[in-house]
Amino acid sequence: MDREATVSPEQTAADGELRKRLRGMLESGLETEVEPRAYDHDAVQSVVARLQALAPDDYEGKLRIAGFTLTPWRGEDEIEQACETCMYYVVHRRFCELPELMLPVEPEWSCRLWRI
Amino acid sequence: MANVLWLQGGACSGNTMSFLNAEEPSACDLVTDFGMNILWHPSLGMELGDNLQQMLRDCVSGKIKLDIFVFEGTVVNAPNGTGEWNRFAGRPMKEWVRELADAADFVVAIGDCATWGGIPATAPNPTDSQGLQFLKRDHGGYLGKDFRAKSGLPVINIPGCPAHPDWVTQILVAVATGRAGDLSLDEFQRPKTFFQSFTQTGCTRNMHFAYKVSATEFGQRKGCLFYDLGCRGPMTHSPCNRILWNRVSSKTRAGMPCLGCTEPEFPFFDLAPGTVFKTQTMMGIPKDLPEGVNKKGYIKLTGAAKAAAPAWAEQDIFVV
């Protein structure tokens with residue numbers, strides 16, 4: 001099974017387009033809520049609740065509230081937080097499956113909802 | 001012929017219901033094939049009133065030999081240690097429990113309530129409930145940590161909420177047929193034959209666990225339930241995926257996270273809001289890791305496993 005075989009060619013193309021658009025938003029300086037990190041249950045629920053209030057196609061809002069960055073985030077404990085090690089990351093589709101996000105991402109990106 | 005007496009303290013009758021659904025062997029098989037004489041049981045007992053009291057007194061005095069005393073439910077001590085909130089056959093149940101346990105050759109605790117207190121003993125424990133020989137992880141319970149039945153064995157604990165019916169009947173058969181000496185108990189007095197392996201042992205989601213593919217919603221056939229939905233399968237000792245429920249399935253196979261109900265701490269985190277069906281994390285890392293795995297190793301393993309994950313591991317491969 002090849003790398004992209006988990007989704008249809010059409011979906012792969014759509015993911016690619018949206019991923020490119022998200023990258024563009026972040027590269028153009030979209031300010032996202034990188035901190036405080038959602039390190040405990042209450043913090044996670046707070047962020048998730050705000051994401052749930054967004055329209056499914058409010059991509060800017062999703063990036064901003066989840067605190068996306070184009071590079072891995074590294075905390076005081078030196079643990080690198082990148083999409084590629086996150087439990088919500090689908091490796092072969094390069095996709096975040098957190099129900100409140102559902103976004104095509106890159107393995108080196110990061111957000112504050114990271115969990116391993 | 002082994003005489004069996006089954007009483008119920010602070011309980012929901014869930015273990016009785018489970019027991020009556022046993023298949024290998026069934027509750028009827030215990031009588032017809034394995035020579036057990038059920039002296040009394042909350043759903044099967046024939047004696048009532050004075051006759052029941054007399055029978056219990058005869059068990060205590062030794063007039064009726066009590067081979068196996070089975071207890072389901074907590075020992076209720078409230079109010080103020082009197083046990084009056086759970087009266088049975090004319091007196092607090094706790095008084096019957098003490099005397100019958102001392103008279104029995106074997107004492108078997110069925111279900112979490114009887115083993116470690118279970119849900120009734122969850123803080124603030126308004127009924128002042130205890131398990132027979134444990135209160136959560138604390139050894140002692142109502143009978144005390146040094147209690148031994150006449151056979152020399154401590155209380156045999158068969159936990160679960162409820163316990164699987166076949167765990168119950170198979171242990172009863174082993175005891176009734178003189179094979180109790182073959183039973184090896186763990187530190188919580190659970191028979192190792194059932195409680196040495198993990199709930200995860202035999203789980204159909206093990207490949208998703210191995211490749212770190214997470215389920216994100218209940219009922220998904222794809223993905224492991226440990227990472228996000230609070231499954232305690234890797235830390236819980238039970239054969240739920242080896243001896244299937246109703247011979248068909250298990251919680252995890254059906255997409256329902258294991259709640260860890262065979263462990264003394266159940267229900268975990270005292271049922272605080274947000275702790276049920278949600279993996280508890282600290283800085284993104286699960287608070288409770290698979291038994292024997294440390295945080296550093298877990299992080300390394302996760303990185304390697306996700307990097308190596310094949311595409312099929314991310315798909316629903318259970319095609320209908």
Side-chain angles (χ1 to χ4, degrees), chain A residues 1-8 11-12 35-49 51 66-67 72-103 105 107-108 110-116, chain B residues 205 208-220 222-231 268-269 272-290 293-317:
Chain A
M1 219 176 268
D2 66 30
R3 181 179 166 80
E4 300 288 359
T6 54
V7 292
S8 67
Q11 186 63 61
T12 301
E35 295 187 79
R37 308 299 284 181
Y39 275 159
D40 59 32
H41 177 75
D42 291 343
V44 170
Q45 286 307 108
S46 170
V47 174
V48 166
L51 289 171
W73 191 88
R74 191 184 291 267
E76 288 176 8
D77 56 4
E78 293 299 301
I79 295 171
E80 189 175 276
Q81 299 181 7
C83 287
E84 68 179 333
T85 54
C86 178
M87 278 308 142
Y88 299 119
Y89 181 66
V90 181
V91 177
H92 291 269
R93 189 180 169 190
R94 289 183 289 152
F95 194 85
C96 174
E97 259 193 350
L98 175 67
E100 288 77 15
L101 288 175
M102 299 300 279
L103 294 173
V105 293
E108 68 276 13
S110 183
C111 93
R112 61 176 170 158
L113 290 169
W114 177 88
R115 65 192 295 154
I116 192 169
Chain B
R205 295 168 189 271
H208 297 125
F209 176 82
Y211 290 121
K212 311 298 174 190
V213 176
S214 179
T216 53
E217 292 174 344
F218 298 124
Q220 280 181 343
K222 181 197 84 171
C224 176
L225 302 157
F226 166 74
Y227 300 112
D228 195 36
L229 297 178
C231 182
F268 285 81
F269 307 111
T275 61
V276 181
F277 300 141
K278 191 68 184 173
T279 303
Q280 300 301 296
T281 58
M282 180 53 69
M283 301 175 74
I285 300 166
K287 283 182 182 172
D288 294 324
L289 293 171
V293 177
N294 63 35
K295 182 175 151 186
K296 199 171 172 184
Y298 179 80
I299 293 168
K300 281 184 180 175
L301 177 66
T302 300
K306 281 197 87 85
W312 59 258
E314 297 174 349
Q315 295 176 303
D316 181 357
I317 59 173

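Order of the sequence lines fixes the chain letters, A, B, ..., with proteins taken first and strands second; residue numbering starts at 1 for each chain.
- Heavy atoms of B:T279 lying under 4.5 Å from chain A belong to its backbone as well as its side chain.
- B:F277 and B:F218 have their aromatic ring centers within a separation under 6.0 angstrom.
- Comparing B:G274, B:G223, B:P286, B:G303 by heavy-atom pairs within less than 4.5 Å of chain A, the highest count is held by B:G274.
- Residue contact with chain B, scored on non-hydrogen atoms closer than 4.5 Å, is absent for A:L113.
- With a 4.5 angstrom heavy-atom cutoff, A:E84 touches chain B only via backbone atoms.
- You'll find the side chain of A:Y89 stays beyond 4.5 Å of the side chain of A:C96, heavy atoms only.
- Not one N or O on the side chain of B:E314 forms a donor-acceptor pair closer than 3.5 Å with the backbone of B:V213.
- Evaluation of the salt bridge (Lys or Arg N to Asp or Glu O under 4.0 Å) rule for A:E80 yields A:R74 as partners, not counting sequence neighbours.
- In this structure, A:R112 forms no cation-pi arrangement with A:W73, as its terminal cationic atom is not both closer than 6.0 Å to the ring centre and no more than 45° off the ring axis.
- Inspection of the B:K212 and B:Y227 side chains reveals an N or O donor paired with an N or O acceptor under 3.5 Å.
- Using a 4.5 Å cut-off between heavy atoms, B:K222 contacts chain A through its side chain alone, with no backbone atom that close.
- Comparing A:D40, A:I79, A:L98, A:V44 by heavy-atom pairs within less than 4.5 Å of chain B, the highest count is held by A:I79.
- Contacts between B:K278 and chain A at a heavy-atom distance below 4.5 Å involve the side chain alone, from C-beta outward.
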